[in-house]
Amino acid sequence: MQLTDGDVRVILELLDATTFNELHLETHQFRLTLRRAEAGWTEESAILTAPAPLAAAATPPGGASVGSLPRIADARAVEGLVEIRAPLPGTFYRSPKPGSAPFVEVGGRVEVDTVLALVETMKLMNSVVAGLRGRVVEICARDAEFVEQHAVLLRIAPDGIVSEASS
Amino acid sequence: MSGRTCVIRRILIANRGEIAMRVIRTCKRLGIETVLAASAADMDSVPARRADHVICIGPAKSSSSYLNVDAVIAAGLGARADAIHPGYGFLSENAKLAHACEAAGLVFIGPTEAQLAAVGDKLTARRLAVAAGLPVVPGGEARTPHEAHVLASHIGFPLLIKAVGGGGGRGMKQVHAAWQLDETMDMAIAEAQAAFGDPRVYLERYVAAGRHIEVQVLGDGEEVVHLGTRDCSIQRRYQKLLEEAPAPNLSESLREAMHGAAVAFAQRLRYRGLGTVEFLMDCERETFYFLEMNARIQVEHPVTEEICGLDLVEEQIAVAEGRKLRVSQAGVKFSGAAIECRINAENWTQDFRPSPGAVTRVCFAVGDGIRVDTHMQSGAKIPPYYDSLIAKLIAHGKDRPAALARLADALVRTEISGIDSTLRMHRELVRQAPLQRGGVTTAYFEEFLKSRAAIDAGGVR
């Protein structure tokens with residue numbers, strides 16, 4: 001049995017006529033807490049059980065859940081390189097739209113305001129901006145795949161650090 | 001649209017989030033079994049727990065699950081459902097899904113394939129509106145740069161370039177002067193092709209001081225009734241944030257004209273199902289124009305339900321079964337006013353940055369005239385793949401001030417922790433004088449944000 005909104009209203013009416021300030025109800029299927037606040041009541045409820053999934057017609061490829069997402073990028077820091085990380089969890093895109101050229105390629109030069117990639121979170125495209133001048137050394141995330149927040153997306157060799165070979 | 005009727009006993013819900021919860025609620029009351037079609041990321045969501053059954057339709061990415069017609073049809077057949085409820089967004093206005101349902105012997109809870117195609121093409125919808133005698137925003141199709149310039153000199157600047165395949169605020173560009181027209185047209189055409197697979201665009205006059213007012217309609221393929229107006233002018237980047245019914249501060253003659261126009265449009269289509277005819281009210285000229293029709297249940301439908309006492313999901317199911325309308329226009333009675341706040345998982349102080357993650361605790365106001373449509377509970381997860389709507393708080397009162405007062409109280413009692421949400425923004429917004437007076441334009445929300453930023457910069461808070 002699950003409680004409906006109507007059930008909650010009936011309980012609330014009964015409760016409101018008493019001097020109690022809180023009601024806590026829990027079964028193996030649901031949990032309900034009603035509390036008296038200054039201007040009225042509040043409800044905190046939770047459904048605790050789920051039906052067993054029906055067998056799908058065709059087994060879809062194992063999708064990622066929020067808790068267990070594939071870690072694509074290797075988080076090991078590389079000395080002298082600046083890591084560009086995902087501002088939010090989301091889908092990583094190397095190009096502004098499907099079929100168009102990537103924002104940057106390995107070896108490409110970037111300026112402070114160069115857009116390196118997009119990360120789509122909750123239907124919103126967020127630009128990933130370089131924030132420094134340098135050269136792209138590595139692209140760590142795969143196009144159109146999910147990345148965790150703060151995952152390393154690209155590595156950049158910043159200007160101004162003169163390596164021995166270039167003198 | 002023929003006289004055939006059927007009985008729907010089991011519905012596959014091809015959606016997620018609060019609208020899935022909403023459909024389940026009505027089905028439970030009607031004794032209809034529900035099967036939730038969920039992506040892998042939503043298999044342990046609150047609606048998946050609430051439904052009678054749950055079936056996986058693919059991986060988290062919506063293009064492989066919620067937007068996959070074949071997967072949805074296969075789930076409908078596999079689950080032995082009689083009908084598919086598409087909710088809003090995703091495939092809700094997809095003519096291909098309506099067609100595939102028909103071919104598979106499933107009832108599509110929505111309009112016909114032809115009606116979806118007609119209103120989905122914004123130019124066809126415009127032509128239909130003109131034919132039905134509705135005023136449309138001055139404008140039209142622009143196939144060549146020359147056509148665009150001729151049309152633009154007619155319309156005047158600023159104007160909007162809109163994608164024929166767009167709608168709902170997507171695929172629009174503003175042009176301020178003639179010299180920007182060619183360049184912006186090229187960009188709009190390229191983007192329309194990429195986003196909607198249709199490069200066609202049309203031009204419309206940009207109405208600076210406008211209100212977004214819409215009329216809810218319900219049809220059975222023959223008769224159409226309207227269920228009143230809603231004002232959805234509080235928007236950010238064309239996304240609605242707060243809606244109310246009926247539209248406040250509107251002359252009765254204008255309101256009646258909008259009702260009549262919406263019914264005329266739907267009747268011309270011999271519309272079957274629940275739909276919304278959107279209008280742009282030009283405040284300076286005290287007139288209104290047809291914008292588009294949404295052929296689905298909408299996010300803001302609860303405010304209409306609250307003032308007319310109908311369950312719109314129940315009516316949707318009834319007409320999908322092939323039954324006649326159960327309410328006549330004279331039988332629709334309006335009572336009081338209702339206002340809805342959309343609470344999103346976003347940080348409104350940081351340019352509405354999305355905030356997915358786990359909700360540690362949620363606690364909603366409960367009481368007379370308060371309704372909460374949500375798929376949140378303490379411990380629920382908000383995946384980063386989908387939109388950011390987490391709850392709708394709706395208050396109903398005997399009049400608008402009573403509804404606003406209830407809403408303000410309910411917002412204060414509501415608690416959401418673990419993620420950022422727009423709850424606090426709504427607490428501030430409902431206290432603003434222009435909102436209290438009612439009838440603000442679509443420019444209002446940006447002004448509210450600016451005034452608030454000015455207060456913050458002044459160190460008052």
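For the numbers below, each heavy atom of this structure counts, side chains included, while hydrogens, waters and symmetry mates do not. Residue numbers begin at 1 in each chain, while the letters A, B, ... track the order of the sequences. These numbers were taken from a predicted model, which means no experiment stands behind them.
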Note to self: Heavy-atom cut-off 4.5 Å, strictly under: side chain, backbone, both or neither for Arg29(B) against chain A?
What the structure shows: neither
Checklist line | Proximal component of Val372(B), with respect to chain A [non-hydrogen, under 4.5 Å] | finding: neither
Item checked: Distance (rounded to the nearest 0.5 Å) between Lys61(B) NZ and Glu145(A) CD -> 9.5 Å
Item checked: CG on Leu54(A) to CG on Leu36(B), rounded to 0.5 Å -> 10.5 Å
Next item on the list: Below 4.5 Å from any heavy atom of chain A, which atoms of Ile370(B) appear? Answer side chain, backbone, both or neither.
Entry: backbone
Next item on the list: State, to 0.1 Å, how close Pro384(B) and Pro89(A) come at their nearest heavy-atom pair, and which atoms those are.
Entry: CB-O, 3.8 Å
Check: Just wondering, do Thr121(A) and Pro356(B) contact through their side chains at under 4.5 Å, heavy atoms?
Finding: yes
Next item on the list: Keeping the roles fixed (side chain from Gln377(B), backbone from Ile47(A)), state whether a donor-acceptor pair exists under 3.5 Å.
Entry: yes
Checklist line | Derivation and outcome, side chain to side chain contact (heavy atoms under 4.5 Å, CB included), residues Thr4(A) and Lys28(B) | finding: CA-CA 9 Å; Thr4(A) 66; Lys28(B) 292 232 183 226; 5.9 Å; no
Note to self: Quick test of your reading: applying side-chain hydrogen bond (donor to acceptor under 3.5 Å, both in side chains), list the pairs with at least one residue in residues 67-82 of chain B, sequence neighbours left out, ordered by first then second residue.
What the structure shows: none
Margin query: With a 4.5 angstrom heavy-atom cut-off, is it the side chain or the backbone of Thr49(A) that approaches chain B, or both, or neither?
Written below: backbone
Check: Roughly how far, to the nearest 0.5 Å, is CE of Met122(A) from OH of Tyr385(B)?
Finding: 11.5 Å
Next item on the list: Answer with side chain, backbone, both or neither: which region of Ala365(B) has an atom nearer than 4.5 Å to a non-hydrogen atom of chain A?
Entry: both
Notebook entry, point to check: How far apart are the closest heavy atoms of Arg49(B) and Pro51(A), and which atoms are they?
Noted result: O-CD, 3.8 Å
Note to self: Can you tell me which portion of Asp5(A) sits under 4.5 Å from chain B's heavy atoms? Options are side chain, backbone, both or neither.
What the structure shows: side chain
Notebook entry, point to check: Considering only heavy atoms, which portion of Asp42(B) lies under 4.5 Å from any heavy atom of chain A: side chain, backbone, both, or neither?
Noted result: neither
Margin query: Quick check on Val46(B) against chain A: is it the side chain, the backbone, both or neither that has a heavy atom closer than 4.5 Å?
Written below: both
Checklist line | Contacting moiety of Asp409(B), where chain A heavy atoms sit under 4.5 Å | finding: side chain
Notebook entry, point to check: Considering only heavy atoms, which portion of Ala51(B) lies under 4.5 Å from any heavy atom of chain A: side chain, backbone, both, or neither?
Noted result: backbone
Next item on the list: Under 4.5 Å heavy-atom distance to chain A, tell me which part of Ser65(B) shows up: side chain, backbone, both or neither.
Entry: neither
Notebook entry, point to check: How long is the gap from CZ on Arg35(A) to CD on Glu415(B), to the nearest 0.5 Å?
Noted result: 8.0 Å
Next item on the list: Pick whichever of Ala37(A), Ser100(A), Gly40(A) has the most heavy-atom pairs under 4.5 Å with chain B.
Entry: Gly40(A)
Next item on the list: With sequence neighbours excluded, tell me which residues meet salt bridge (charged side-chain N to carboxylate O under 4.0 Å, His left out) with Asp198(B).
Entry: Arg200(B)
Next item on the list: Identify the two heavy atoms, one from Glu44(A) and one from Cys363(B), that lie closest to each other, and give their separation to 0.1 Å.
Entry: CB-SG, 4.4 Å
Margin query: Looking at every non-hydrogen atom in both residues, tell me the closest pair between Val366(B) and Val8(A) and how far apart they are.
Written below: CG2-CG1, 4.3 Å
Margin query: Report which part of Tyr386(B) has an atom under 4.5 Å of a heavy atom belonging to chain A: side chain, backbone, both, or neither.
Written below: backbone
Next item on the list: Give a yes or no on whether Arg10(B) atom CZ has more than 12 heavy-atom contacts from other residues, nucleotides or ligands under 6.0 Å away.
Entry: yes
Item checked: Within 6.0 Å of CG in Asp186(B), more than 12 heavy atoms from elsewhere -> yes
